[in-house]
Amino acid sequence: MVQWTDFERATIKAIFAKIDSAVVGPAALSRCLVVYPWTQRYFGKFGNLFNADAIRSNPNVIAHGKVVLDGLARAVQNLDDIKATYAELSVLHSEKLQVDPDNFKLLADCVSIVVAAQLGKDFTPEVQAAFQKFLAVAVSALGKQYH
Amino acid sequence: MSLTDKDKAAVKALWSRISKSADAIGADALSRMLVVYPQTKTYFSHWADLSSGSAQVKGHGKTIMGGVALAVAKIDDLTNGLLDLSEKHAFQIKVDPANFKILAHCLLLVIANLFPADFTPEAHVSMDKFLGNVALGISERYR
């Protein structure tokens with residue numbers, strides 16, 4: 001069971017109250033597809049991912065970015081039971097989507113960097129630690145049903 | 001994943017925008033690393049004060065950025081350009097090379113935090129590749 005301090009709970013909820021999933025999601029996903037181009041293997045049906053501009057403006061990327069962030073927001077609503085919250089999602093990513101779980105960390109790193117860019121001075125080292133701990137738990141839960 | 005001409009140009013362009021803040025970037029990245037990845041504190045057990053504003057953290061952040069500046073200058077031949085630093089890390093400091101990725105992430109995050117407009121995805125990918133190649137250069141003499 002993950003133990004959260006009061007500071008961590010408050011910090012994680014505050015970040016998600018502040019950010020817009022329709023902005024952060026697409027920014028993080030498109031950044032991931034540019035910085036780690038091998039992740040494009042999972043988005044063959046998305047159309048034009050030929051260069052950074054195409055990725056940034058691709059409507060499928062934009063829509064899916066929001067889906068990903070909304071998924072993370074669900075984990076924030078269930079901080080004490082992320083593993084159960086993500087059980088179905090984990091099966092989906094393993095059995096149907098067949099995503100290499102190493103990729104979850106790459107996307108998580110892009111989420112941290114986008115949020116750091118958005119929050120400026122408020123994204124202190126302590127806030128970063130809480131946020132990255134949350135992302136690590138989400139990533140771990142997403143990998144739990146792989147076998 | 002070697003650096004293309006486009007990567008080198010992107011790194012140099014980004015560096016020209018951020019280098020005047022190099023000391024602040026280094027200090028911030030290092031203090032984040034020590035807070036977010038506490039296992040890295042094991043390399044600094046000889047420091048009296050590991051807190052974010054401390055003279056030692058600031059000083060060492062500056063040292064690290066000196067290394068980054070050197071790497072930018074030697075971008076066309078990082079392996080040879082970083083040989084002295086590699087010897088130091090291999091035989092003196094013996095940092096586990098896994099930690100280079102951790103510090104790289106902190107550096108990228110600080111750049112994004114301080115220069116959000118400049119740190120586009122295009123700049124990010126080139127900088128990430130560059131720091132990866134710097135890590136390879138520093139690991140060159142390890143074994």
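Letters A, B, ... mirror the listed sequences (proteins, then strands); counts begin at 1.
By the 30° and 60° cut-offs, the orientation of the rings of A:Phe16 relative to A:Phe131 is tilted. The aromatic rings of A:Phe46 and A:His64 sit perpendicular to each other, their planes meeting at more than 60°, with 30° as the lower class boundary.
Your options are A:Gln118, A:Lys133, A:Arg56, and the one with the most heavy-atom pairs under 4.5 Å with chain B is A:Arg56.
With a 4.5 angstrom heavy-atom cutoff, A:Thr124 touches chain B only via backbone atoms. In this structure, no portion of B:Met33 lies under 4.5 Å from any heavy atom of chain A. Heavy atoms of B:Ser126 lying under 4.5 Å from chain A are absent altogether. Interface remark: A:Gln128 contributes backbone and side-chain atoms alike to the contact with chain B (heavy atom separation under 4.5 Å).
A 4.5 Å side-chain heavy-atom check between A:Ile113 and B:Phe119 finds at least one atom pair inside the cut-off.
The pair B:Asp84-B:Lys88 does not count as a salt bridge, with every side-chain nitrogen at least 4.0 angstrom from each carboxylate oxygen. For the pair B:Asp128 and B:Lys101, the salt-bridge criterion is not met [side-chain N within less than 4.0 Å of a carboxylate O].
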